[in-house]
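One structure below.
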Amino acid sequence: MSNRTFTMIKPDATSKGHTGAILQMINATGFRIVALKMTHLSEQKAGEFYAVHAQRPFYGELVNFMSSGPITAAILEKENAVAEFRKLIGATNPADAAEGTIRKLYASSIGENAVHGSDSDENAVIEGDFFFSKLEQF
Ligand code: CMP
C-alpha cells in the first residue's frame, strides 16, 4: 500500500475562495503536502487527465468545467493515503457525502464537486506525475 495520493481543488471551489480552507482541512487531517501548484488546465490537458472517462456521457461537460478556471494540484502523504483522502472528501455526489467532508461542505453538484481524489495507488502516481516532475515531489 502506497502512502501518497493526488488531489485537485477544482475551479468551482477555487472561484468561491475555498482553497485555503480546503488545504487547512487537508493539513488538519494529518496529510503532509509534498507537492503543490496552482494552474489552469487547457481543454486539451483536462481531456488528457480525464481520458479514462472519454466514453462517458459527462466527459465533454467534465472537460469544459475542469478547464473553466484555475485549479490547485497537490500530492499528499499519509499512511493509507488514497483511502484516507477519499474518506475526507466524501462521496462523488455531494448529496451522498457524509457530514463534515470536503464535498459536503463545499461541493454543489456531482460535476462541480470541489475536489478530485485518486481512486487507487497506481492512479495516484500517474496523476501526480501528470502535474509534477520528480524534482517537484518532496
Ligand atoms: P472526480 O473524482 O474528479 O473524477 C471524475 C469526475 O467526473 C468526478 O469527480 C465528477 O466530478 C465527474 N462526474 C462523475 N459522474 C458525473 C456525472 N454523472 N455528471 C457529471 N460529472 C460527473
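Atoms within a ligand are numbered from 1 in the order they appear, just like the ligands themselves.
Taking the six-membered ring where the residue is Trp, His18 and Tyr106 present tilted rings, their angle falling between 30° and 60°. Using the six-membered ring where Trp is involved, Phe6 and His116 have ring planes that are tilted, between 30° and 60° apart.
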Extract all donor-acceptor atom pairs below 3.5 Å that involve side chains of residues 66-76 and protein atoms in other chains or at least two apart in sequence.
residue, atom, partner, partner atom, Å
Ser67, OG, Val63, O, 2.8
Ser67, OG, Asn64, O, 3.2
Ser68, OG, Phe65, O, 2.6

Indicate every side-chain donor-acceptor pair of residues 89-97 with a distance under 3.5 Å to a residue at least two apart or in another chain.
residue, atom, partner, partner atom, Å
Asn93, OD1, Ala95, N, 3.0

Could you pull out every N or O of ligand 1 that sits under 3.5 Å from a protein N or O, with the distance for each pair?
residue, atom, partner, partner atom, Å
ligand 1, 2 (O), Arg103, NH2, 3.3
ligand 1, 2 (O), His116, ND1, 3.3
ligand 1, 3 (O), Lys10, NZ, 2.7
ligand 1, 3 (O), Tyr50, OH, 2.7
ligand 1, 3 (O), His116, ND1, 2.9
ligand 1, 9 (O), Lys10, NZ, 3.2
ligand 1, 9 (O), Asn113, ND2, 3.3
ligand 1, 11 (O), Lys10, NZ, 3.2
ligand 1, 11 (O), Ile110, O, 2.9
ligand 1, 11 (O), Gly111, O, 3.4
ligand 1, 11 (O), Asn113, OD1, 3.3
ligand 1, 11 (O), Asn113, ND2, 3.3

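Sorted pairs that involve residues 49-59 and meet salt bridge (Lys or Arg N to Asp or Glu O under 4.0 Å), not counting sequence neighbours, are lacking altogether.
Counted by atom type alone, Asn113 and Lys10 present one or more donor-acceptor pairs between their side chains at under 3.5 Å.
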